[in-house]
Amino acid sequence: MKTLYFYLFAIVTMFMSYSALAQQGTLVGTVLDESGMPMYGTNVVQKGTNNGTITDFDGKYSLKLPSGQQTVEFSFIGMQTQEILVDIVAGETTTVNIELKADAVTLDDVVVIGYGRRQKRDVTGAISSINTDDIGDDVLPSLESAMQGRAAGVQVTTSNGLAGSSINVKVRGTNSISAGSQPLYVIDGIPVTDGDFSPGNMGAGFNALSDINPNDIESIQILKDAAAASIYGSRGANGVVLITTKKGKAGKTKFNVNYYGGVVTETNRIDLLNAEQHLALRDSAAVFAGNQPENDDYVIYQPTTGQAITRGMADSIAAAGGTDWLDQVLQQGFIQEASLSASGGGEKTTFYMGMTYTDQEGFIVGNEYERISGRINVDNKASDKVNIGANMSINYSTNKRVPTGDAGGLGLAQQRLPYLPIYNDDGTYYDPYNNPLWQLENWTFTAKTFRSISGVYFEYNILDNLSFRSELGVDFMSLNEDEFSFRNIEDTGSVSSAWDRRTSVFNYTTNNYFTYSENIGEHNVIDLTLGHSYQRAHTKGVGLNGWDFPSDNLTNPGSVDPSNMSGYGYETSYAFNSFFFRANYKLYEKYLAGFSIRTDGSSRFGAQNRYGWFPAISAGWIITEEDFMQNTEFVSFLKLRASYGLTGNANIDDYAHLGFFSPTGGYNGNSAIIPSTLPNELLGWEKSIMLDVNVDYGFFNNRLSGSLTYYNKQSSDLLLQVTIPSSSGYDKIWQNVGSLSNYGIEFDITSHNIQGDFKWTTNFNIAWNHNEVTDLNGLPPDAFDNGLGGDARVVVGYPVGIAYLVEWAGVQSEDGTLIRYNTDGTPVLDNSGQPVKYDVEAGTELYYDINGNLMTYENPTGDFYGDNRKPFGRPFPIVVGGITNTINYKGFDFSFLFSYQYGNTIYDDQAKRQIGDWSDLAQRTEILDYWSPYNTDTDVPGLNQYDNYVNSTRWLYEASFLRLKNISFGYSFPKNICSKLNISRLRIYVSGTNLWTLTNYPGWDPEVLRNLNPSNPDSNVSFAAPSFATPQSKSIIFGVQLSF
Amino acid sequence: MLDYFYRHITKQNKMKNIILPLFILALISMSSCEKILETEHNDRIPNQEAISSTRDIQLILNGAYDGLQSGCVLGGNLVIYADLLADDAIIGNDQRLNKFGKYEIYNMITSPQIGEIACFWSTAYSCINRSNYVIDAIDSGDVYDAEFNANKDRMKGEALFIRAICHFELVRFFALPYDVNQKGSNVQLGIPYRTAPTKDYEELDMARNTVEDVYENIIQDLSEAISLMNMGGLVSSSQWASAMAANAYLARVYFQIGDYANAAYYANEVISSQIYELDENPENVFKLSGNQISPEVIFQLVNIETDNSNSLIDNYSRSKNPLFQTVSELYSLYDENDLRRALINKFYVLYYIKKYDQAIISGVSQPLNRVIIRLAEMHLIRAEANLLANGGNLADAYESYNALKQRAMGDNFVPETVALNEFLGKVREERRKELCFEGDRYHNLKRLQMPLRNGVAWNSNDPIFKIPADEISGNSLMVQNP
């Protein structure tokens, strides 16, 4: 009986399926993307069933469907899913071609987190994400330009406009006083070398990150809070910048060819007096002093070598126009870049390949930067269980650096008197040692860098939801600097000198971790990561200096007599060994929780403090998933999240904890070793405990979206040099005793103002940070005097690097008298009990003493500097941020990015010489407002009452600015023309950087840093006090982008 | 959690359940290996590895000499400071009176922030620390290689010598002078006398020893140094310390504190050893360069082209537009045939000091050695000490006086008979003529309790250097000078 039923059943089903079969039609078609390229791997599914297929390489699909009206769904990650209603006729083939559009909603993006990826909506940490899509078609000359103004709470400053110059990136404020405050940079999982390895001194820093080709970057994630960054443990306190390079996509190989060329100049030039004005100033000064103006024979300039300049000679030079030194040293430079990339692959193997050549002639005469980079990223599905891949990159750059700042070049040109000639009568340079043009011609410095950042990985899917990944990455940098300074032919004692310096950094990392993901029941999702990481880096530097060459044709330092040689050598290394664990939990798609912990050990920490633990917890609530939110129409996404955890800063010297002896020159040819530092085996990382509370919102179907964050970061155990009695033979020891706090608010909003044919999107971000030093273990402000001028100090209750100055009180407008005061505010009394007074000439500089009473430099209250300095100004801005606008209409695109900073002050260290020291230096035009009987109400002292080089608030300027960082206008040719040419896209564009700036800062550029290596602790303190600064660069380029 | 994990895996695939524990085992064993975080040091030596052989100890001792050679210590600054505070020299070029330096020292208004003074303090104490390392290494018995026994006495003697003379120079500038009339009860604050090397940053605070204590320690160290260096075979030397140098210094120390019997004794030790004799031409003593020697020099610090540190040249030599000049009163003290008068360079109406002019060979200036102590001073000490001590040897005193006169007058020497009541005055005048601009006058005026420059009292607080700021803030037991 059973068998009968079985057969009956079989026949009926067969019949049914036969009829079903008989009642099937076929749906075929091609799926393309917006640019007309076929989409391989698109899901084509009969809605509500398991009946589906995927498109092939040419985007073609074929699906059998039952006859009648059917709904078919086309979907692909990152694209908007499309549904079509189609009538299927039995036995017939219907064709439907689909064009998929990119998903406008970005909240479903996948972001890279440390050791893994996660859906953005499921992330419980604070991560700012910058994708190539966000940047759109903006041209990126460097890595930092991708980050500036695009991520709330991340302040990026380049020190000047020269290629390869150092950058300073602060994530949520400065986090350290004496240790490095830069974030950790990780490329494809490998922490890379950054900082300034240039041993030479050209007055400006060098940046190891400049070797990274921005064209290869797919996305940048900046981990800002403890939940996101504590997976990097003792290196996460300053934030982590995760850079992911482009990967291939399966499908036909897509090519991209880009070229741009343009000009670059300086953003601003300060106004200096010309020769005539300056000489007239000298005359005025003489007259006001009651003297005769200088006669023709008076020597007004004595060079180091050569003939002196008399007043008569200067007058004739001025009559002929004088010398505009800035004009001689600055030029319009030409920049160009050509790049080619290809990406593609098949089912099993995908690849991305790119090559870029950059050639930049800087805006300073003699400066040139050339770089060629190549990259290949390959991913292969070796089997069902095994994925392997490799990312290889090679860069080679040549940077012809020029002296700037305190070293000369532009720094010297802005000091040189305008009535001095450039050349002697015989055509040789006048006064070579002080002549910036002679310097630029005879002092060459070429830095050649070879850099390779490469890695391989192996992934094994042990089970469906458990995989193991092992990565090995290497960052190798070899820097070779050739410096040559030619002798001064006028000075018979001078000799040529050559340096050959080589520095190499070999940095390798291996990460090995398990990832496990489990759905427990219907509603619980749990993701676990457990892993180990090991990193080791080794730096070695050596240099050879040779001088006094037998012939001018020899320039190699090895070709001199051995007694004219000297050199140096050093080596340093560090290692990190870590274990980490992370758990993420999601309930009902709306409740999120996260926990991570890492233990880090490093060779940099003392033996008694080698390993540390860095835990963090976080939670999130996607409010819009709740039932009570289902009816609110305008709120499309609302998520609340918070995190709390501990991260560390390990940017301390490699051997800070070590007590050691060093070799010295010795005595009478007998070498010696001397005790050099004391050991501190308790020395460890600096700690940051951070609380982060954030709301992510989306309104009107995510047409308006963004986030609002409050964070509070308390940093403690900061490294400070504590004084020990110098009678012990040592005088300082590093200890973890300081603390400071940062707290602030970040806000960003993205608005798709207009959608449709005419698209307009705006993104606005703003961040406010409050930075305050809370404990210095009793160290006075002057303990942080690094001798670099600018008078920046560290004072409890104020931000790091606050200017510590005497307060400027203006200029005495008429002859008068002032009372002399004591430091307690009482007047100094004479024998008869009357206050002591002193005469003050009109035009004299006035200052406020510690109690607000007037004094002069000659008649100070107590000690002028010792008793009267106070903290002033703001080294960090009150708010920082950017605004981006992107407009698309038919083939045209237009976008511009403004970045702004408001509320910070810069101490213009050299303004005090360029407005006042008229007998030695070129002067800024501000000096023309000097006090005189005809101009008594002024802030510029009399020409003969100038107090040399007094550090006061007179030189502390407001440096807020609004800058048009980027503007571009492009046109993409329409599809029909493109397909005729067999290409998928052709765009031409014109783009400009730093074209317009709004600022009250009177110096070169409000975006400036002191010329210091950002890994140098002094750069945390003195960064806002530049010296003979070099401005940023402004450029206009034309370019072509071609894809096929 | 791990349990659940485990069960889950074993459910799925029995083979795979060994992977996870194996991996964890591998990681744990890898991490417990300390070598994983070891780093190499090939340009510096960790403290615990620094001293493992006799040669290592010698290297540290060389480091102590290197410190002594520094301008801040015996390389010349102390001579300059002595002349700023006393009456042999006047300021010839006040541009060289740098603010936050010699300006304040000259005007006797020093503050804890003066860089040069802090350099003196910290470099001298660095030398003391290096010497203490040497002494500690020798006493600890950790080193026992083949060369140890042959060298240990010599090295320890040299280290004790350096330790003593550094403290001696420090106490003479940073503390009130030793009152020779209060022998045994000079309780004014001196300086901390450090006798142990600093190995650790904790517990470094040390109070100031009294001046009496400091001198007691100095004398003890020098006495031990003499016997050790004699045992070690380092009796005299042209570049290093020596037993004779220790004898000479001990004479100087006893003389400073008014213990004239001992001063005469030790000066006599040096003179009667017959190792030294007065150079015929006093100028020769001040032209020594590199390894050149003069029979008169007992202890000098050698300067060579690649390691040259002499801060006196720029401040005394006429060709350098120097800080100092001198006055006609000093010049006229010399008899016109006195060979030493040539050491003062009379230039029209100005008087420059020629003691520190560099020798020039083929147009190249030669490095100039620093002569620290010479036989002439021993004769002066022997002469004056024998006159002042009870039961002093007058014959020795006359012998020394005449020896100096004979060298000074050369061929024009006429033996003098000096009346006893005038003799002390004559010896003191000889001292001034012989040792001018060598850093002696200032300390000598203090010993004799005579006023310093501008009538400042010998025991005034004004010329005493303030203790540097670093020491005050780092050492809770330190007391500043008033």
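Model, not experiment: these values are computed from the prediction. Within every chain, numbering begins at 1; the chains are lettered A, B, ... in the order of the sequence lines, protein sequences first and strands thereafter.
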### Query
Would you say A:L466 and A:N461 make side-chain contact, with heavy atoms under 4.5 Å?
no
#### Entry: Which portion of A:L658 sits near chain B, non-hydrogen atoms under 4.5 angstrom
side chain
### Message
Holding to ring pair (Phe, Tyr, Trp, His ring centres under 6.0 Å), I want the full list of residues that pass it with A:Y115, two or more places apart in sequence or in another chain.
### Response
A:Y232, A:Y513, A:F580
### Query
Between B:F174 and B:F465, is the gap from one ring center to the other below 6.0 Å?
yes
### Query
For A:E681, is it the side chain, the backbone, both, or neither that has a heavy atom closer than 4.5 Å to a heavy atom of chain B?
neither
## Note on the structure
Interface check, chain A: of B:I304, B:N42, B:L170, most non-hydrogen pairs under 4.5 Å belong to B:N42
### Task
Heavy atoms only, distances under 4.5 angstrom: which of A:S676, A:G665, A:S671 has the most pairs with chain B? Name it, please.
A:S671
### Message
Using heavy-atom distances under 4.5 Å, tell me whether B:I472 contacts chain A through its side chain, its backbone, both, or neither.
### Response
neither
#### Entry: Side-chain donor/acceptor of A:R793 to backbone N/O of A:Y804, under 3.5 Å
no
#### Entry: Proximal component of B:Y133, with respect to chain A [non-hydrogen, under 4.5 Å]
side chain
### Task
Under the ring pair (Phe, Tyr, Trp, His ring centres under 6.0 Å) rule, collect the residues that match up with A:F576, sequence neighbours excluded.
A:Y574
### Query
Would you say the ring centroid of B:F299 lies under 6.0 angstrom from that of B:F161?
yes
### Message
Is any side-chain heavy atom of A:E471 closer than 4.5 Å to one of A:N512?
### Response
no
### Message
Is any side-chain heavy atom of B:N62 closer than 4.5 Å to one of B:I60?
### Response
no
### Ion pair check, B:D136 and B:K199, cut-off under 4.0 Å
yes
### Message
Using the ring centroid of each side chain, check whether A:F506 and A:H538 are separated by less than 6.0 Å.
### Response
no
### Task
Would you kindly say whether B:E471 and A:S726 are connected by a side-chain donor-acceptor distance under 3.5 Å?
yes
### Query
Any donor and acceptor pair, going by atom type alone, linking the side chain of B:T198 with main-chain N or O of A:S728 inside 3.5 Å?
yes
### Query
Side chain, backbone, both or neither: which part of A:I733 has a heavy atom under 4.5 Å from chain B?
side chain
### Query
Are the side chain of B:S309 and the backbone of B:G71 linked by a donor-acceptor contact shorter than 3.5 Å?
yes
### Query
Tell me, do A:T515 and A:D527 make a side-chain contact under 4.5 Å, heavy atoms counted?
no
#### Entry: Heavy-atom contact with chain B under 4.5 Å, split by part of A:N680
both
### Query
Side chain, backbone, both or neither: which part of B:R55 has an atom under 4.5 Å from a heavy atom of chain A?
side chain
### A:D731 portion near chain B, given a 4.5 angstrom heavy-atom threshold
side chain
#### Entry: chain B contact via A:T572 - which portion, at a heavy-atom distance below 4.5 Å
neither
### Task
Take A:S517 and A:N465 through the test side-chain hydrogen bond (donor to acceptor under 3.5 Å, both in side chains) and record every step on the way to the result.
CA-CA 5 Å; A:S517 166; A:N465 54 0; over 6 Å; no
### Message
So which residue, A:L779, A:T664, A:I674, A:D654, ends up with the most heavy-atom pairs under 4.5 Å with chain B?
### Response
A:I674
### Query
Counting a contact as any heavy-atom pair under 4.5 Å apart, which residues of residues 113-122 of chain B contact chain A?
B:W121, B:S122
### Query
Given that the side chain runs from C-beta out, which part of B:D470 has a heavy atom under 4.5 Å from chain A: side chain, backbone, both or neither?
both
### Task
Would you mind reporting whether B:R370 and B:Q69 have side-chain heavy atoms less than 4.5 Å apart?
no
### Message
I need the single residue from A:Q535, A:R536, A:H532 that forms a side chain to side chain donor-acceptor pair (under 3.5 Å) with A:N577. Which is it?
### Response
A:H532
### Query
Side chain, backbone, both or neither: which part of A:P663 has an atom under 4.5 Å from a heavy atom of chain B?
side chain
#### Entry: B:R44 charged N/C atom sitting above A:F660 aromatic ring, 6.0 Å / 45°
yes
#### Entry: Partner chain B: residue of A:G666, A:S573, A:P780 with the largest heavy-atom pair count (under 4.5 Å)
A:G666
### Message
As an exercise: rank B:L61, B:N303, B:N291 by heavy-atom pairs under 4.5 Å with chain A and give me the winner.
### Response
B:N291
### Task
Quick one: which of A:Y570, A:Y655, A:Y730 has the most heavy-atom pairs under 4.5 Å with chain B, could you say?
A:Y655
### Query
Looking at A:S727, A:G659, A:A575, which makes the most heavy-atom pairs under 4.5 Å with chain B?
A:S727
### Summary
Taking a cut-off of under 4.5 angstrom between non-hydrogen atoms, the residues of residues 599-609 of chain A near chain B are A:G601, A:S602, A:S603
